[in-house]
Every structure is written in structure tokens, then in C-alpha cells.
Amino acid sequence: MIKINSINPKNNHLVVNWNDGTNDSFHYVWLRDHLQCSDFFDSNTKERLVDAHTYLTNTQPNEINIKNGNLNILWPGEKMQSEYSAQWLHSNSYSKKCLNSKKESFLESIDWQFNSFEEVARFDYQKIFKDNNVAYQLLNHFCNNGFSFIENAPQKPGVVKEITNWLGYLREVSFGDVRDIKNEAGSLNVAFTSREAKPHIDGTNYIHPYVVQFLHCIQNQAEGGNSNIVDGFAMANNLKKINQSAFDTLTKVKVKYKIGAGEHDMSHSAPVIELDREGKLYLIRFSNQQRRELSIPFEDIENFYFSYNLFSKMVNDPTNQLKFRFQPGNILMFNNLRILHAREAFNLNSGLRHLQLASTDIEMVYSRLRRLSNNKIP
Ligand code: OGA
Ligand code: ZN
């Protein structure tokens with residue numbers, strides 16, 4: 001069991017020497033902020049009870065002791081010493097090595113290495129619900145590759161509701177909760193016709209497009225309608241490699257997206273490639289069909305089109321696409337911020353094609369993966 005052997009107080013921090021021969025350093029201001037006593041902290045909800053500025057102004061300890069291998073500090077203005085258990089301190093160390101080891105591996109995305117869809121893992125629908133190991137593999141594959149492929153699901157409506165509920169909840173979007181994908185007269189979206197839907201993400205008109213999507217095939221007897229998916233992150237990485245300035249342009253120029261009209265007037269302008277605060281790829285907002293009037297300064301026009309053309313060529317290049325045909329009972333689970341999906345036109349008179357689509361939030365995926373990896377299955 002981890003214990004504190006000795007301590008070495010410095011000007012603004014404390015060096016803690018553990019009984020395993022290693023040490024960690026903690027700032028006094030950090031220790032004061034992480035008081036565990038009940039006046040400051042509700043151990044049940046794990047919430048702080050006091051405003052930071054009221055206790056973080058004077059953070060020089062009056063006394064520091066080790067008791068039973070744990071740390072005790074008497075803070076200014078307090079009558080009693082506050083205890084920090086060695087176990088808690090050790091597991092919350094913020095040394096460089098600890099910060100690195102705390103990174104969750106499932107948050108890493110890996111550019112695809114697949115040569116064909118035959119190489120892609122397939123997960124059995126029933127086993128996902130019954131076998132935690134299969135559930136873990138499914139969600140981990142989804143996080144690393146941006147998608148997972150499920151087979152042997154029931155060939156009936158409502159399955160997408162069942163699987164989003166299994167993860168947590170179904171997230172409703174402007175098209176409704178479960179979207180039926182079949183040819184509809186007067187449709188406001190190419191996906192709800194029999195025409196070709198070129199590589200795209202859904203929800204481009206949202207400030208934050210919906211993330212996790214389940215696309216379930218109920219029937220697919222129509223001629224045509226074959227599917228493909230593209231790794232948008234791999235394409236962006238590729239673009240960056242071959243033309244950094246085109247990549248930069250697509251991370252800056254705002255493109256307007258709007259879907260249909262109808263009851264809602266939802267549109268949003270944002271770059272095609274969005275990066276997070278650390279500069280990592282976050283979102284590929286690509287849907288040429290839903291792109292609206294380009295309204296940018298005169299001098300930026302040609303540069304934008306040059307960059308956009310390069311990217312468009314890549315995502316439409318068959319060698320970058322994973323091609324497959326949906327069989328009834330198949331479900332494609334995909335990260336709509338990363339994976340572009342597409343389908344060929346199909347012949348309306350040759351048989352029925354009926355898919356259903358539903359979304360949930362990615363937090364539900366991460367949450368389940370954490371529980372599964374801690375063996376605390378909900
Ligand atoms: C969609 C879509 C693909 C398909 O509904 O957004 O792209 O295979 N559907 O019908
Ligand atoms: Zn779509």
C-alpha cells in the first residue's frame with residue numbers, strides 16, 4: 001500500500017516522497033483547493049461547497065505533518081488539520097508521467113489501414129448486449145476508427161432505438177428521433193430520395209453536428225444503393241501533408257450550410273476542417289450538397305476553391321473509400337464528425353430499400369468504455 005515516507009516543504013510546493021522510492025510535487029494552492037473535509041467538499045456529490053477566491057488567497061500552510069503515512073496540513077484560519085490520504089494524493093498526482101498515463105487510450109483516433117471492407121471487424125448484435133467484452137471491442141473500434149460494423153440485428157423498425165437506449169439515450173434531431181430513410185415525395189434532403197448521396201456528414205447546419213449515428217438496414221432489395229464511407233480525418237491529414245496552405249485555408253474559411261427549409265430555418269457557417277484547442281482534428285464539416293452561397297472576401301475566393309477542390313477530389317476518390325452493401329440486419333455505427341458516408345442512387349422500381357437512422361452523444365460511448373474498463377458494468 002502506498003504511504004508517505006517523508007516530505008520536503010519548498011517555497012510554493014511540497015515534495016512528497018513515497019514508500020516505493022518515487023516522489024511527486026504538489027503546489028500549496030492545489031492542496032488547499034483540493035480539501036477533502038466536509039466544510040469544503042461534499043464527498044457524496046464530489047462537489048465543492050465554497051467559492052475559490054475565499055480560501056485560495058492565503059495558501060501557505062501553518063503546519064505540515066505525516067500521520068500514519070498520510071498528509072496532514074493546518075491551513076491559515078482553520079482550527080483543525082486537514083487530512084489528505086496517501087492513496088488519494090498518489091492517484092491524483094499531476095507530474096508529467098502521471099498526466100501522460102491518465103490519457104485515455106480510446107480517445108486516440110487512428111487513420112484507417114483497411115484495404116477493403118472484408119478486413120473490417122464485424123460485431124454480433126445480440127452479443128453486444130450480453131457480452132461485455134464484445135461491447136468493449138465494439139466501442140473501442142468505434143473510437144479508434146470512427147466506426148464499427150454490426151451484423152445479425154433484427155430486420156425490423158425500432159432497432160436503432162434499442163441500441164441508442166442501450167448506450168444511454170436517443171438524441172432527437174430536427175428530422176425527428178428515428179429517421180426512416182427511404183424515398184419520400186417532396187423530400188428536403190437527398191438522403192430521403194432514391195438519388196445518389198455523395199460523401200457527407202449529417203447535421204452540417206448545426207453549430208455542433210450530432211456525433212454518434214446508427215444506420216440500420218431493414219430492407220435492401222433495390223438495384224444500386226451501395227454504400228461507402230471515407231475517413232475524413234485521414235483525408236485531412238493527407239491534405240495537410242501534400243498542401244499545408246490548402247489545409248490551413250479549409251480550417252479558416254467559413255462555409256454556409258443549410259438543409260432544406262420546411263418548418264425550421266437552421267443554417268450555420270463554419271470551416272470545412274475544424275481543429276480542437278490543441279490543434280487536433282475535431283470535425284470534418286463536408287457536404288457538398290448542403291453547402292450554400294459562399295460569401296467570403298473577393299480576394300479569398302480562388303484560394304478557397306483551389307483548396308476545396310483538392311479535398312473534394314480526395315474524399316471522392318474510390319481508392320480512399322470503403323465500399324460495402326448494406327444487408328438487412330446490418331448496422332453502421334459511425335462518428336459523424338469524422339466519417340463521411342455515401343450511397344449510390346438506387347432503382348425505385350426494383351425492390352424496397354429501407355434504412356433507419358438515430359443518433360446519440362459521444363459522451364455515452366466514453367462513459368460506457370470507462371465503466372467497462374473499470375469492470376463496473378452499469
Ligand atoms: C442519410 C444518408 C445513406 C443511405 O440518411 O443521411 O446519408 O445509405 N443515408 O441511405
Ligand atoms: Zn447522411
Side-chain angles (χ1 to χ4, degrees), residues 117 120 146-151 153 155 157-161 163-164 170-206 208-232 257-260 262 264 266 268 272 283-291 312 315-316 318 321-348 350-360:
F117 206 75
V120 170
F147 77 101
S148 278
F149 197 73
I150 302 168
E151 54 186 13
Q155 299 165 21
V159 163
V160 286
K161 221 173 205 171
I163 191 141
T164 48
L170 188 155
R171 180 192 158 173
E172 200 164 341
V173 303
S174 62
F175 290 112
D177 53 3
V178 171
R179 284 93 85 195
D180 279 297
I181 300 164
K182 49 187 176 187
N183 184 60
E184 275 171 20
S187 157
L188 295 172
N189 187 322
V190 68
F192 307 141
T193 68
S194 61
R195 292 207 304 270
E196 180 179 14
K198 294 278 197 175
H200 66 282
I201 71 154
D202 291 344
T204 47
N205 56 339
Y206 275 74
H208 197 280
Y210 22 99
V211 187
V212 183
Q213 299 231 83
F214 289 94
L215 189 53
H216 171 226
C217 175
I218 298 166
Q219 291 200 60
N220 193 7
Q221 279 115 37
E223 269 167 30
N226 288 346
S227 305
N228 78 68
I229 50 177
V230 180
D231 184 353
Y257 294 94
K258 185 164 166 137
I259 300 179
H264 305 290
M266 291 173 59
H268 185 61
V272 172
L283 156 57
I284 307 299
R285 198 183 290 266
F286 189 90
S287 175
N288 199 48
Q289 46 270 41
Q290 286 155 358
R291 198 161 56 79
S312 169
V315 305
N316 283 287
Q321 300 175 336
L322 269 186
K323 294 181 183 302
F324 64 99
R325 182 176 175 84
F326 266 118
Q327 303 298 337
N330 290 167
I331 303 173
L332 178 71
M333 173 190 186
F334 63 100
N335 179 345
N336 185 52
L337 304 189
R338 168 178 174 185
I339 303 298
L340 314 180
H341 58 287
R343 68 126 206 272
E344 295 169 346
F346 58 93
N347 180 350
L348 267 184
S350 59
L352 209 67
R353 185 181 192 276
H354 181 199
L355 275 65
Q356 279 192 328
L357 182 60
S359 308
T360 188

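For ligands, and for the atoms within them, numbers begin at 1 and follow the listed sequence.
- The backbone N or O of S227 lies less than 3.5 Å from no partner atom in the side chain of R343, so there is not a single donor-acceptor pair.
- In terms of protein heavy-atom proximity, atom 8 (O) of ligand 1 is closest to R353 NH2, 2.8 Å.
- Here the N, O or S atom of H341 that is nearest to the Zn ion (ligand 2) is NE2.
- The heavy atom nearest to atom 4 (C) of ligand 1, out of those in H200, R343, K182, R179, is found in R343.
- Remark: minimum distance from atom 5 (O) of ligand 1 to any protein heavy atom is reached at I181 CD1, 3.1 Å.
- Close approach of ligand 1 to D202 (heavy-atom distance below 4.0 Å) involves ligand atoms 6 (O).
- E196 and K198 are joined by a salt bridge, as a carboxylate oxygen and a charged side-chain nitrogen come within less than 4.0 angstrom of each other.
- Here the two rings, on F175 and F192, have centers that are under 6.0 Å apart.
- In this structure, the side chain to side chain contact (heavy atoms under 4.5 Å, CB included) partners of S350, at least two apart in sequence or on a different chain, are A222, E223, N347.
- Between S227 and ligand 1, no pair of N/O atoms sits closer than 3.5 Å.
- No cation-pi contact links R179 to F214, judged by a cut-off of 6.0 Å to the six-membered ring centre and 45° from its axis.
- Nearest protein heavy-atom contact of atom 1 (C) of ligand 1 is A191 CB, 3.3 Å.
- For the pair OD1 of D202 and NE2 of H200, the angle at the Zn ion (ligand 2) is about 90°; rounding is to 10 degrees.
- Taking only non-hydrogen atoms, the option from H341, Q356, Q213 nearest to atom 7 (O) of ligand 1 is H341.
- In summary, the aromatic rings of F149 and F324 are positioned with their centroids under 6.0 Å apart.
- R171 meets the salt bridge (Lys or Arg N to Asp or Glu O under 4.0 Å) test with D361; sequence neighbours excluded.
- In L355, the part holding a heavy atom less than 4.0 Å from any atom of ligand 1 is the side chain.
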